[in-house]
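Written below as structure tokens is the structure these notes are about.
The figures here come from the full heavy-atom set of this structure, side chains too, leaving out hydrogens, waters and symmetry mates. The structure presented is a predicted model; accordingly, all values stated were derived computationally and were not measured.
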Amino acid sequence: MKRVLFVCLGNICRSPTAHGVFRTLVERRGMAHLVEIDSAGTAAYHVGNPPDHRAASAALKRGVDLSDLRARQAVVADFEHYDFIIAMDNENLNELKSICPADFKGYLGLFLPLTALSEREVPDPYYGGPAGFDHVLDLVEAASEALLDRIAAELNQ
Ligand code: 4NP
């Protein structure tokens, strides 16, 4: 069993997109019983809210349903539970590092460096137009494949 937590700022755009895309991929590969998935935000602004409607509709166009997801804030206890804590950008990563216990043995890092992509951060689409949400999906789809390959290898699947 591997446990994965995706983290962005608000937990209404990028990390729920990653949560939904990765969950769909895990289900398609028949690995849902082997991988636990959640997402969270470093900030509390949107706690309890569903994903941003722009993120939800862009995802649905690619067959990914985000409608059951609700925002929560990342907490120190997440480091006791998750094997992979994956930040969308450097600001998210620095926030997580500031609360990470010294004895955390899992992966705490950015999402995109798991891929061969030259970009390192998933850009925040919140204040932009719809193209930003499609770009997030392109990046997250590629990185989700790479993450699942890594987890499958670790689980000898
Ligand atoms: P996310 O996007 O971190 O990808 O969920 C944002 C959502 C909300 C805000 C900023 C970014 N906000 O400032 O409210």
Side-chain angles (χ1 to χ4, degrees), residues 1-29 31-52 55 59 64 66 68-127 132-133 135-157:
M1 184 88 195
K2 293 287 180 185
R3 299 187 173 94
V4 179
L5 181 69
F6 296 105
V7 180
C8 62
L9 175 62
N11 193 209
I12 57 167
C13 298
R14 292 165 292 173
S15 63
T17 299
H19 184 161
V21 165
F22 189 65
R23 176 172 67 180
T24 302
L25 193 61
V26 165
E27 285 166 2
R28 278 197 207 125
R29 285 214 210 163
M31 291 176 63
H33 59 300
L34 296 173
V35 188
E36 184 184 316
I37 309 161
D38 199 8
S39 60
T42 58
Y45 323 126
H46 299 282
V47 168
N49 290 350
D52 185 286
V64 174
L66 307 183
D68 61 307
L69 305 181
R70 296 293 178 271
R72 73 166 177 91
Q73 192 171 21
V75 292
V76 175
D78 287 322
F79 289 93
E80 287 161 25
H81 189 72
Y82 291 95
D83 304 295
F84 290 85
I85 297 186
I86 297 183
M88 297 298 128
D89 66 26
N90 283 317
E91 188 186 315
N92 313 146
L93 182 58
N94 288 336
E95 288 285 336
L96 290 166
K97 282 181 177 168
S98 76
I99 61 164
C100 180
D103 62 351
F104 178 63
K105 297 282 190 300
Y107 175 90
L108 172 61
L110 294 173
F111 201 13
L112 300 190
L114 296 171
T115 71
L117 295 169
S118 57
E119 288 153 280
R120 291 183 57 79
E121 301 181 279
V122 181
D124 184 350
Y126 189 68
Y127 293 106
F133 289 84
H135 185 51
V136 167
L137 276 159
D138 291 340
L139 297 172
V140 159
E141 283 176 349
S144 292
E145 295 272 1
L147 175 61
L148 190 52
D149 286 346
R150 175 169 169 164
I151 286 175
E154 288 187 11
L155 292 170
N156 297 311
Q157 286 292 305

Item checked: Point-to-point distance, once rounded to the nearest 0.5 Å, from CZ of R120 to OG1 of T115 -> 10.0 Å

Next item on the list: Indicate yes or no: at least one non-hydrogen side-chain atom of D78 is less than 4.5 angstrom from one of R72.
Entry: yes

Item checked: For M88 against A18, the heavy-atom pair lying closest together -> CE-CB, 3.9 Å

Notebook entry, point to check: side-chain contact (heavy atoms from CB on, under 4.5 Å) between V140 and F6: does it pass, once the steps are laid out?
Noted result: CA-CA 11 Å; V140 159; F6 296 105; over 6 Å; no

Check: Checking side-chain contact (heavy atoms from CB on, under 4.5 Å) for the pair L9/Y45: CA distance, chi angles, key distance, verdict?
Finding: CA-CA 9 Å; L9 175 62; Y45 323 126; 4.2 Å; yes

Check: Looking at side-chain heavy atoms only, is the closest gap between Y126 and R14 below 4.5 Å?
Finding: no

Item checked: Distance (rounded to the nearest 0.5 Å) between L96 CG and L5 CG -> 8.0 Å

Item checked: Nearest non-hydrogen partners of I86 and L114, listed with the distance -> CD1-CD1, 4.4 Å

Can you give each donor-acceptor pair under 3.5 Å made by side-chain atoms of residues 150-157, sequence neighbours left out, with the distance rounded to 0.1 Å?
unit_1, atom_1, unit_2, atom_2, d
R150, NE, E154, OE2, 3.4
E154, OE1, K2, NZ, 3.1

Notebook entry, point to check: Is the side chain of D83 donor-acceptor paired with the backbone N or O of G106 at a distance under 3.5 Å, no angle test?
Noted result: no

Next item on the list: Please lay out, stage by stage, how E95 and V7 fare under the test side-chain contact (heavy atoms from CB on, under 4.5 Å).
Entry: CA-CA 10 Å; E95 288 285 336; V7 180; over 6 Å; no

Next item on the list: Working to the nearest 0.5 Å, report the span between CZ of F22 and CD of E145.
Entry: 10.0 Å

Notebook entry, point to check: E121 side chain to N90 main-chain N or O, any donor-acceptor pair under 3.5 Å?
Noted result: yes

Checklist line | Contact summary for H19 and S39, nearest pair of heavy atoms | finding: ND1-OG, 3.0 Å

Next item on the list: Locate the shortest heavy-atom distance separating L69 from R23; write the atom from each residue and the value.
Entry: CD2-NH1, 3.8 Å

Next item on the list: State plainly whether the residues R29 and D149 are in salt-bridge range, i.e. N to O under 4.0 Å.
Entry: yes

Item checked: Heavy-atom neighbours of R70 CZ exceed 12 at 6.0 Å -> yes

Note to self: Distance check, rounded to the nearest 0.5 Å: Q73 atom CD versus N11 atom CG?
What the structure shows: 10.0 Å

Note to self: If I compare all heavy atoms of I85 with all of F79, which pair ends up nearest, and what's the gap?
What the structure shows: CD1-CD2, 3.6 Å

Check: How many angstroms lie between CZ in F84 and CG in L147, if you round to the nearest 0.5 Å?
Finding: 6.0 Å

Notebook entry, point to check: Which heavy atom of H135 sits nearest a heavy atom of P123, and at what distance?
Noted result: CD2-CG, 3.9 Å

Next item on the list: Could you tell me whether a side-chain N or O of N92 sits under 3.5 Å from a main-chain N or O of D89, the two making a donor and an acceptor?
Entry: yes

Note to self: If I take atom CE from residue M31 and atom CE from residue M1, how far apart are they, to the nearest 0.5 angstrom?
What the structure shows: 10.0 Å

Notebook entry, point to check: Any side-chain heavy atom of T17 within less than 4.5 Å of one from P51?
Noted result: no

